[in-house]
Amino acid sequence: MGVTESNESQDRVGYVHIQDIPQLNQEHCRMRDPQRVERIINEFVCGGPERMQIVSDFDYTITKQRTDDGVAVPSSFGIFNSCKSLPDNFKEEIDKLFHKYHPIEIDPHMPIPEKVQYMIEWWTQSGKLASGFAFDLAELDQMAGQFRHALRDGTHELFQALQRLRIPVLVFSAGLGNSVVSLMQQANIMHPNVKVVSNFLRFRDGLLDGFQEPMIHIFNKNETVLEGGEYYELVHTRDHIIVMGDSLGDADMAAGVPASSHILRIGFLFHHVEANMEKYMNAFDIVLVDDQTMSVPQALLALIDNRHQMRHPHGSNGTASVQAQPNSAL
């Protein structure tokens, strides 16, 4: 029997069934089309880590939506806004914008095209406010460090496995990139295989000058903004994609990849659960209700990893040979 025939036989024998994955059989895990999910998972398992990439939101996706004692976790912008040296009038105006636009962001009834215009207004006005005063990024690092333990349970283990398997991770955030990178670095999950695309502070003549271009908001963050870049060249042939997010706009973060790609979308639903459920079920393949863990993506990655080890127990691409080099892209 040839190698290809052997692998095909092994794949048929090792077909994964939804009912055999405990994490997908919990009450808070919802799927509109379990057969489709099962089919994609088996494509991932057969394809191995070489064809995988992860595209994830940051706020309330990598971070928890709430702590175990029910306290809300601040967003990446919230971390920045908590810095004590920021002018009082800036904090007051930013707070007004939040209370005006955040309800729109999570409104389950407003059409997305209408929301987009409001999000652009919010980000544009925030950038204008964050201008004309000095700011020390060391203070942001200090604030971000206070929330390095607010990551979803299992995040460290998930990112370590992704690094070991050399699977690229793209973190798309409509929040503040400086906070995102600082928190991820201090939490020790900013591995060489991770790239962050977000809104980063811009400085001019020692003063804040809004945000760097292009503006990233919740409804335009997708892989089309990567075209022509080094990271795009790295991942555009990886056609097995897990997308993770907590807002409806996150479901489209893999837009721009080849149409033949297999994409599994995981949505973390927390706000307005009943009102949002139908839309989330239509947008995401798997919807996790008030799940503050990474148990589902961990389980999927474990399936891919286990089959990979069966195929390469001693040879190339095995566990012993997938450690990233310190200065490598992955």
When you compare the side chain of [Y] with that of [X], does any pair of heavy atoms fall below 4.5 Å?
{"X": "Leu176", "Y": "Ile79", "answer": "no"}
{"X": "Met184", "Y": "Val194", "answer": "yes"}
{"X": "Leu288", "Y": "Leu269", "answer": "no"}
{"X": "Val169", "Y": "Val171", "answer": "yes"}
{"X": "Val196", "Y": "Met190", "answer": "yes"}
{"X": "Phe98", "Y": "Phe77", "answer": "no"}
{"X": "Leu151", "Y": "Leu183", "answer": "yes"}
{"X": "Val197", "Y": "Leu170", "answer": "yes"}

Task: Summary of ring pair (Phe, Tyr, Trp, His ring centres under 6.0 Å) pairs that have at least one residue in residues 32-63, sequence neighbours excluded - done: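 Ring pair (Phe, Tyr, Trp, His ring centres under 6.0 Å) check on residues 32-63 returns Phe44-His240.
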Taking everything shown except [X] itself, do over 12 heavy atoms lie less than 6.0 Å from its [atom1]?
{"X": "Asp69", "atom1": "CG", "answer": "yes"}
{"X": "Phe270", "atom1": "CZ", "answer": "yes"}
{"X": "Glu157", "atom1": "CD", "answer": "yes"}
{"X": "Gln19", "atom1": "CD", "answer": "yes"}
{"X": "Glu114", "atom1": "CD", "answer": "yes"}
{"X": "Asn89", "atom1": "CG", "answer": "yes"}
{"X": "Gln26", "atom1": "CD", "answer": "yes"}

Rounded to the nearest 0.5 Å, how far apart are [atom1] of [X] and [atom2] of [Y]?
{"X": "Leu137", "Y": "Phe80", "atom1": "CG", "atom2": "CZ", "answer": "8.5 Å"}
{"X": "Ile266", "Y": "Asp250", "atom1": "CD1", "atom2": "CG", "answer": "12.5 Å"}
{"X": "Ile286", "Y": "Arg36", "atom1": "CD1", "atom2": "CZ", "answer": "10.5 Å"}
{"X": "Gln142", "Y": "Asp136", "atom1": "CD", "atom2": "CG", "answer": "10.0 Å"}
{"X": "Gln292", "Y": "Thr155", "atom1": "CD", "atom2": "OG1", "answer": "10.5 Å"}
{"X": "Ile54", "Y": "Met253", "atom1": "CD1", "atom2": "CE", "answer": "10.5 Å"}

Does a donor on one side chain sit under 3.5 Å from an acceptor on the other, for [X] and [Y]?
{"X": "Ser85", "Y": "Glu139", "value": "yes"}
{"X": "Ser182", "Y": "Asp141", "value": "yes"}
{"X": "Tyr101", "Y": "Gln125", "value": "yes"}

- [ ] Using the ring of Phe268 (Phe, Tyr or Trp, six-membered ring only), decide whether Arg152 places NZ or CZ under 6.0 Å from its centre and within 45 degrees of its axis.
- [x]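 Yes - Arg152 lies over the ring of Phe268, closer than 6.0 Å to its centre and within 45° of its axis.
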Open item on the list: Under 4.0 Å between a side-chain nitrogen and a carboxylate oxygen: does that hold for Asp107 and Lys115?
Closed with: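 Salt bridge between Asp107 and Lys115, a charged N being under 4.0 Å from a carboxylate O: no.
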- [ ] Salt-bridge test for Asp305 and Arg164: reply yes if a basic N is under 4.0 Å from a carboxylate O, no otherwise.
- [x]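 Yes.
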Open item on the list: Considering only residues two or more places apart or on different chains, which pairs with a residue in residues 74-84 satisfy side-chain hydrogen bond (donor to acceptor under 3.5 Å, both in side chains)?
Closed with: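 Applying side-chain hydrogen bond (donor to acceptor under 3.5 Å, both in side chains) to every pair that reaches into residues 74-84, excluding sequence neighbours, yields Asp59-Ser76.
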Is there a continuous path of hydrophobic side-chain contacts, each under 4.5 Å between heavy atoms, that joins [X] to [Y]?
{"X": "Met119", "Y": "Ile106", "value": "no"}
{"X": "Met215", "Y": "Ile112", "value": "yes"}
{"X": "Leu140", "Y": "Leu86", "value": "yes"}
{"X": "Ile304", "Y": "Ile21", "value": "yes"}
{"X": "Leu129", "Y": "Leu207", "value": "no"}

Given 3.5 Å as the limit, does a donor-acceptor pair link the side chain of [X] with the main chain of [Y], or not?
{"X": "Ser261", "Y": "Ile263", "answer": "no"}
{"X": "Ser131", "Y": "Gly210", "answer": "yes"}
{"X": "His308", "Y": "Cys46", "answer": "no"}
{"X": "Asp252", "Y": "Ala255", "answer": "no"}
{"X": "Gln212", "Y": "Leu201", "answer": "yes"}
{"X": "Arg202", "Y": "Leu208", "answer": "no"}
{"X": "Asn199", "Y": "Phe211", "answer": "no"}
{"X": "Asp246", "Y": "Thr61", "answer": "no"}
{"X": "Arg238", "Y": "Gln53", "answer": "no"}
{"X": "Asp57", "Y": "Ser173", "answer": "no"}

Give me the atom names and distance for the closest heavy-atom approach of [X] to [Y].
{"X": "His262", "Y": "Ile40", "answer": "CB-CG2, 4.4 Å"}
{"X": "Ser56", "Y": "Ile62", "answer": "OG-CG1, 3.7 Å"}
{"X": "Gln186", "Y": "Gly145", "answer": "OE1-CA, 3.2 Å"}
{"X": "Gly48", "Y": "Arg311", "answer": "N-NH1, 4.5 Å"}
{"X": "Cys83", "Y": "Met143", "answer": "SG-CG, 3.7 Å"}
{"X": "Gln163", "Y": "Asn193", "answer": "OE1-OD1, 2.9 Å"}

Open item on the list: Please tell me whether Tyr15 and His17 form a close aromatic pair, meaning their ring centres lie under 6.0 Å apart.
Closed with: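 Yes, they do, as the ring centres are separated by less than 6.0 Å.
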TODO: Could you tell me if the ring centre of Phe203 sits under 6.0 Å from that of Phe135?
DONE: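 Not under 6.0 Å, so no.
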Open item on the list: Applying side-chain contact (heavy atoms from CB on, under 4.5 Å) to Val37 and Leu264, what does each step give before you reach the verdict?
Closed with: CA-CA 7 Å; Val37 172; Leu264 187 69; 4.2 Å; yes
Open item on the list: Walk me through whether Met31 and Asp285 qualify under side-chain contact (heavy atoms from CB on, under 4.5 Å).
Closed with: CA-CA 6 Å; Met31 289 173 279; Asp285 300 294; over 6 Å; no
TODO: Please assess Val289 against Tyr280 for the test side-chain contact (heavy atoms from CB on, under 4.5 Å), listing each intermediate value before the final yes or no.
DONE: CA-CA 10 Å; Val289 180; Tyr280 271 66; over 6 Å; no
Open item on the list: Given Lys64, which partner from the list Asp291, Asp153, Asp290 fulfils the salt bridge (Lys or Arg N to Asp or Glu O under 4.0 Å) test?
Closed with: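 Output: one option passes, namely Asp153.
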- [ ] Take Ile120 and His217 through the test side-chain contact (heavy atoms from CB on, under 4.5 Å) and record every step on the way to the result.
- [x] CA-CA 7 Å; Ile120 292 174; His217 57 73; 3.8 Å; yes
